Amino acid sequence: MFTIATWNVNSLRVRLNHVLEWLALRKPDVLALQETKVEDQHFPEEALRQAGYHVFFNGQKTYNGVALLSCSPLHNLLTALPNLDDIQRRVLIANIGNLRIVNVYVPNGASPDSEKYIYKLNWLNKLQAYLQQELIQHPRLIVLGDFNIAPEDKDVHDPAAWEGHVLVSPAERNALKGILDLGLKDSFRLLNTEPGQYSWWDYRAGAFRRNNGLRIDHILSSSELAPHCVRCEIDKEIRGWEKPSDHVPIIASYENIN
DNA sequence: ATGGTTGGCTTCCAA
């Protein structure tokens with residue numbers, strides 16, 4: 001069994017103990033982190049190595065930042081989409097075993113009338129183009145991370161209140177659909193059909209207590225891998241830990257892929 | 001209820 005997870009930690013330095021505790025609890029083979037918000041020279045490499053993980057990271061000051069933790073070595077590393085000139089550190093790509101792993105922190109988009117929204121849609125367009133090429137060479141592909149898009153109304157606690165907002169707008173959903181249409185499957189939805197399953201809750205207004213959340217973090221499995229995905233779970237209880245990230249981990253398990 | 005909270009190196013911005 002191979003297990004892989006994604007988690008937007010909203011500052012790795014603040015959340016390091018949560019990450020170490022969670023790794024000890026769930027023992028995933030791979031963990032993809034987003035919003036590490038730490039420059040590479042300050043990355044807590046040693047603590048994660050001692051926990052048994054190879055580390056690969058791509059950070060910047062204050063914003064963004066991604067990392068890959070893996071029990072087995074990482075190879076053929078990339079720290080950006082090759083088709084997008086972007087100073088923001090949002091991507092890590094690696095081979096792990098016979099898999100190709102793409103860790104993404106998709107731009108938030110701020111609001112549909114903003115420059116950041118245009119940047120988000122362009123970013124997603126470039127990601128789709130890259131993945132289309134990547135699937136030719138690497139049919140055993142997993143794309144995971146914070147997509148900042150709720151695919152359907154059932155992934156939103158109050159679709160009427162959210163209509164037209166960033167994270168749920170038709171253009172964003174269409175951009176995600178373009179990526180899914182490459183043959184990448186939403187692993188959570190392969191195995192769970194119920195609404196009300198979220199991966200992010202706003203820190204404000206008691207959102208978690210009211211389960212006012214969105215499902216915006218995803219693990220996409222290529223057509224070749226999807227039939228092997230036997231579990232995909234949202235680790236909701238972590239949101240109840242002391243000083244939690246606003247996102248929780250999603251963990252997927254695959255069998256017979258060696 | 002256009003509110004509210006968290007993280008960063010800030011005197012506000014991003015989420």
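None of the values given here were measured: they were computed from a predicted structure. Within every chain, numbering begins at 1; the chains are lettered A, B, ... in the order of the sequence lines, protein sequences first and strands thereafter.
Note: CD (A:Glu115) to P (B:dC13) measures 17 Å, nearest angstrom. The separation between A:Asp202 atom CG and B:dG3 atom C1' is 11 Å, rounded to whole Å. Regarding A:Arg90, its CZ atom lies at a distance of 7 Å from the P atom of B:dA15, rounded to whole Å. If you take CD of A:Glu35 and C1' of B:dT5, they are 14 Å apart, rounded to a whole angstrom. For the pair A:Tyr203 OH and B:dG8 P, the computed distance is 10 Å after rounding to whole Å. With rounding to whole Å, A:Lys37 atom NZ is found 13 Å from B:dT6 atom P. Between A:Asp113 atom CG and B:dT2 atom P there is a gap of 18 Å when expressed in whole angstrom units. Separating the CD atom of A:Glu242 from the C1' atom of B:dT5 is a distance of 16 Å, rounded to the nearest angstrom.
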Does the side-chain hydrogen bond (donor to acceptor under 3.5 Å, both in side chains) test come out yes or no for A:His247 and A:Asp217, once each step is laid out?
-> CA-CA 8 Å; A:His247 297 249; A:Asp217 301 88; 2.8 Å; yes
Test A:Phe43 against A:Leu48 for side chain to side chain contact (heavy atoms under 4.5 Å, CB included), laying out the working first.
-> CA-CA 10 Å; A:Phe43 190 89; A:Leu48 294 164; 3.6 Å; yes
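Nucleotides B:dA14 and B:dG4, compared at atom C1', are 15 Å apart to the nearest Å. Nucleotides B:dT10 and B:dA15 place their C1' atoms 15 Å apart, quoted to the nearest Å. Between the C1' atoms of B:dG3 and B:dC9, the separation comes to 26 Å (whole Å).
Nucleic acid contact class of A:Phe208 (heavy atoms, under 4.0 Å, all strands): none.
Between A:Trp241 and A:His18, a ring centre-to-centre spacing shorter than 6.0 Å is recorded.
The 5' end of DNA chain B is approached more closely, in terms of each residue's nearest nucleotide, by A:Lys61 than by the other of A:Asn64 and A:Lys61.
Of the candidate nucleotides B:dA14, B:dC9, B:dA15, B:dA15 has the atom lying nearest to any side-chain atom of A:Asn108.
Between A:Lys116 and B:dA14, a side-chain N or O to OP1/OP2 separation shorter than 4.0 Å is present. Residue A:Lys243 has a polar side-chain atom (N or O) positioned under 4.0 Å from OP1 or OP2 of B:dG7.
The pair A:Arg189-A:Asp155 counts as a salt bridge, with a side-chain nitrogen and a carboxylate oxygen less than 4.0 angstrom apart. With respect to A:Arg173 and A:Asp153, a salt bridge is recorded, a charged nitrogen being found less than 4.0 Å from a carboxylate O. The pair A:Glu233-A:Arg26 meets the salt-bridge criterion, with a side-chain N (NZ, NE, NH1 or NH2) lying under 4.0 Å from an Asp/Glu carboxylate O. A salt bridge between A:Lys61 and A:Asp40 is absent, with no side-chain N of the basic residue lying under 4.0 Å from a carboxylate O of the acidic one.
Scanning residues 147-169 of chain A for heavy-atom distances under 4.0 Å to DNA chain B yields an empty list. For residues 11-18 of chain A, proximity to DNA chain B is found at A:Ser11, A:Val14, A:Arg15, defined as any non-hydrogen atom under 4.0 angstrom from a strand atom.
Summarising the geometry of A:Pro112 relative to A:Val166, their closest heavy-atom pair is CD-N, 3.8 Å, with the distance given to 0.1 Å. In terms of heavy atoms, A:Lys116 sits closest to A:Ala110 at CD-CB, 3.8 Å. Counting all heavy atoms, side chain and backbone alike, A:Thr6 lies closest to A:Ile219 at CG2-CG1, 3.9 Å.
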